[in-house]
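See below for the structure under consideration.
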2 protein chains.
Amino acid sequence: MVTMHDVAARANVSVATVSFVVNGTKPISPATTSRVEQAMRELGYRRNPVGAALARGRTKIIGMLYPALQRPLSGTVGGFFTSAAVRAQERGYQLVLWPISNESDEAMALADTGLVDGVLLMEVQLNDNRVPALVQGRTPFALIGRTADPEGLAYVDVDFGATVTTAVETLVALGHRDFCLVTGGSRAGRFEEHGPAERSRAAFLADIEAAGLTGAVRYCLEDSREGRAFGRAFRDEHPDVTAMLLLNEHAAPGIVIGLREAGVRVPEDLSIISLGSSAHMANMVDPALTFLRSPADELGRLGVDTIIDRIENPDAGLPAVLIPCEMVPGGSIAEAPGRA
Amino acid sequence: MVTMHDVAARANVSVATVSFVVNGTKPISPATTSRVEQAMRELGYRRNPVGAALARGRTKIIGMLYPALQRPLSGTVGGFFTSAAVRAQERGYQLVLWPISNESDEAMALADTGLVDGVLLMEVQLNDNRVPALVQGRTPFALIGRTADPEGLAYVDVDFGATVTTAVETLVALGHRDFCLVTGGSRAGRFEEHGPAERSRAAFLADIEAAGLTGAVRYCLEDSREGRAFGRAFRDEHPDVTAMLLLNEHAAPGIVIGLREAGVRVPEDLSIISLGSSAHMANMVDPALTFLRSPADELGRLGVDTIIDRIENPDAGLPAVLIPCEMVPGGSIAEAPGRA
DNA sequence: TTGAAAGCGATACCAT
DNA sequence: ATGGTATCGCTTTCAA
């Protein structure tokens with residue numbers, strides 16, 4: 001490996017000088033600069049980030065912590081990751097996706113050892129033991145998502161309350177009065193921990209009550225086969241429901257197929273709005289779903305901005321951003337049956 | 001930050017001794033060991049991997065290089081990544097997903113600087129300029145996928161030839177004689193570079209010719225809306241085709257929806273086999289697709305084993321593994337029309 | 001079994 | 001505008 005020493009020797013300067021031209025840390029005469037640059041070129045020098053990291057205490061790397069084992073990487077995460085990676089590069093950082101388990105130790109062990117300058121935590125649960133662990137450490141972090149009480153934390157998240165309200169209002173305007181919210185979650189029994197599902201549920205129940213409507217809440221695993229079974233059984237279990245809010249894009253195609261198998265027509269018999277989805281997923285379903293678009297790209301960018309700001313300016317205020325989803329028309333909603 | 005010095009001082013030993021107990025490098029008396037361990041506990045010591053990496057020249061980190069900007073992370077990649085991450089951990093490494101562009105420089109710049117011990121290259125193209133760049137460097141690497149001529153490279157890949165042959169044989173046995181292969185690719189004009197598509201195409205044409213059948217090859221962008229348009233137009237463009245091989249799981253639901261809109265029934269009028277897909281994706285379609293299961297998990301594991309073997313034993317042989325997809329029954333194939 | 005000390009590669013302070 | 005050098009945290013050889 002070619003080191004700064006080699007370059008320095010070749011250019012007849014000191015390592016300090018080489019470092020200065022490499023980093024632009026201090027003014028160096030054009031003559032020396034070009035001599036050094038030529039030496040680097042000839043030798044094929046490439047700065048060793050490990051050495052730099054040790055000396056500087058910074059790596060210019062941001063770790064996006066993702067519980068890959070519990071929650072297989074899907075297209076949604078891909079959206080976050082891609083936009084976040086682009087933004088990081090724009091700001092001179094590298095973003096890497098780091099798989100961790102849900103246990104707190106691992107997150108810390110990585111975060112707190114200097115390998116990354118900061119950490120972006122994904123799939124935050126309402127009661128997430130990784131968060132207190134990170135608070136204890138000295139590595140800056142930010143959340144994509146938020147805990148039950150995100151006071152004092154830097155986060156960006158979807159505004160599920162506003163999103164649900166938009167959906168409910170849209171359907172109420174079409175005459176619907178009997179609702180069902182279907183959320184997801186990758187393993188039974190831990191749904192209460194899932195922020196998006198839980199926040200949507202709370203907003204849903206509040207909206208329903210405020211408007212004097214009826215509303216059930218159901219869970220369905222995030223898998224198309226589960227969706228099929230769920231859809232097949234739905235009408236029998238909820239004969240009166242005419243409007244469904246679906247926070248489960250992976251099960252959505254299966255659910256609609258199951259409904260059709262059971263003789264339920266969408267949207268004539270049942271209107272559906274998919275919450276937090278994308279055009280690609282919505283068009284996998286027939287009819288194409290009316291959906292509220294997840295602001296994945298915006299959140300990815302904002303998340304990166306947030307964590308970098310915290311790294312570079314730890315004393316600034318704590319950003320807390322909520323972005324609502326925006327309605328995209330589709331073919332899955334109609335006037336309530338017997339009203340047209 | 002608590003360093004080894006702090007621990008050493010607290011335990012009244014030298015830093016060398018602390019290092020020995022931390023790494024188990026040398027035998028240390030039980031008494032000293034427990035004194036050191038207690039000191040570590042009391043101080044909350046955590047070894048700094050940057051320092052370790054610099055001293056040792058190894059980081060125990062494997063970088064999975066992925067062109068996230070060109071090819072948004074999807075569920076398929078998630079499968080690779082998850083199984084690969086698990087396997088890496090089992091073998092004492094960390095696996096991180098590193099977004100890179102398709103340009104060679106970036107891959108190298110990262111790989112060749114000591115931040116990662118080895119590199120796993122994803123989405124390898126037939127003619128991939130990142131590969132010669134990696135060959136020049138001194139960082140071990142392996143491919144998931146392979147170039148046109150993978151001689152001398154370590155790789156694991158799907159056996160597309162065998163997969164296509166299985167599909168064709170299955171359909172021929174049902175009396176089909178007019179085929180169409182539909183592949184994907186995220187941007188027009190670069191399909192020739194896409195290994196899976198190109199290898200499938202070659203195998204397809206060879207099988208078709210050998211059996212005296214007719215076979216068209218079409219491309220469709222990997223998006224459900226594109227799939228819908230494609231499906232709608234298909235019958236007019238290929239009135240005689242009764243059997244479709246589909247190497248494009250993201251467009252699959254849209255294609256079937258489009259076909260139905262155009263009055264084409266699956267499987268009565270047209271049989272479909274999806275190549276390299278998963279149960280989850282196959283069940284997003286109605287009828288559930290008959291598919292050849294992508295060995296994503298196996299490839300992820302094997303890829304990691306391969307790169308770690310190369311890191312730890314560079315002189316061993318170059319593994320070159322091909323795994324065929326395995327048939328999973330579904331509802332999308334039937335006897336050729338007018339044959340039953 | 002334990003310790004002293006020489007690096008690993010780069011940074012940045014203090015001189016010149 | 002340059003250079004000498006201590007330093008970052010840890011590993012590892014060589015001695016004791």
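Here is how names work: the chains are called A, B, and so on, in the same order as the sequence lines, proteins then strands, and each is numbered from 1.
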| Options dG3(C), dC13(C), dT11(C), nucleotide nearest the side-chain atoms of Ala16(B) | dG3(C)
| query | Any idea which heavy atoms bring Ala142(A) and Thr306(A) closest together, and the distance? | reply | CB-CG2, 3.9 Å
| So which nucleotide from dC10(D), dT2(D), dA10(C) ends up closest to the side chain of Thr17(A)? | dT2(D)
| Heavy-atom check, side chain of Tyr45(B) versus side chain of Val36(B), under 4.5 Å | no
| request: Verify the contact: side-chain N or O of Ser29(B) to OP1 or OP2 of dT2(C), cut-off strictly under 4.0 Å; return yes or no. | output: yes
| Smallest separation among heavy atoms of Arg310(B) and Gly317(B), with atom names | NH1-O, 4.0 Å
| Expressed in angstrom and rounded to an integer, what is the separation of Leu54(A) atom CG from dA12(C) atom P? | 12 Å
| query | Which is true for Asp6(B) with a 4.0 Å heavy-atom rule: it touches a base, it touches only sugar-phosphate, or it touches nothing? | reply | nothing
| query | For Val13(A), which contact category applies under a 4.0 Å heavy-atom criterion: base, sugar-phosphate, or nothing? | reply | sugar-phosphate
| query | Is Gln136(B) atom CD crowded by more than 12 heavy atoms from other residues, nucleotides or ligands, each under 6.0 Å away? | reply | no
| Of the nucleotides dT11(C), dA1(D), dT11(D), which has the atom closest to the Val15(B) side chain? | dT11(D)
| Looking for any heavy atom pair under 4.0 Å, which part of the strands does Val50(B) touch: base, sugar-phosphate only, or nothing? | nothing
| message | Counting only side-chain nitrogens and oxygens, does Ser14(A) get under 4.0 Å of the OP1 or OP2 atom of dG3(D)? | response | yes
| query | So, is Arg47(A) close to the dT11(C) phosphate, meaning a side-chain N or O under 4.0 Å from OP1 or OP2? | reply | yes
| Using a cut-off of 4.0 Å on non-hydrogen atoms, how would the nucleic acid contact of Ser19(B) be classed: base, sugar-phosphate, or nothing? | base
| query | Side chain of Lys26(A): nearest nucleotide among dA4(C), dT1(C), dC14(C)? | reply | dC14(C)
| request: Determine whether Leu115(B) and Trp98(B) make a side-chain contact, defined as any pair of heavy atoms from C-beta on separated by less than 4.5 Å. | output: yes
| Counting side-chain heavy atoms from CB outward, which of dC10(D), dT11(C), dG3(C) is closest to Asn23(A)? | dT11(C)
| field | Residue Phe20(B), side-chain atoms from C-beta onward, closest of dG9(D), dG3(C), dG3(D) | value | dG3(C)
| note | Ile28(A) has its side chain closest, among dT2(D), dT1(C), dC10(D), to dT2(D)
| remark: Against the side chain of Ala52(B), the closest entry in dG9(C), dT2(C), dT11(D) is dT11(D)
| Do any side-chain nitrogens or oxygens of Thr32(A) fall under 4.0 Å of OP1 or OP2 in dT2(D)? | yes
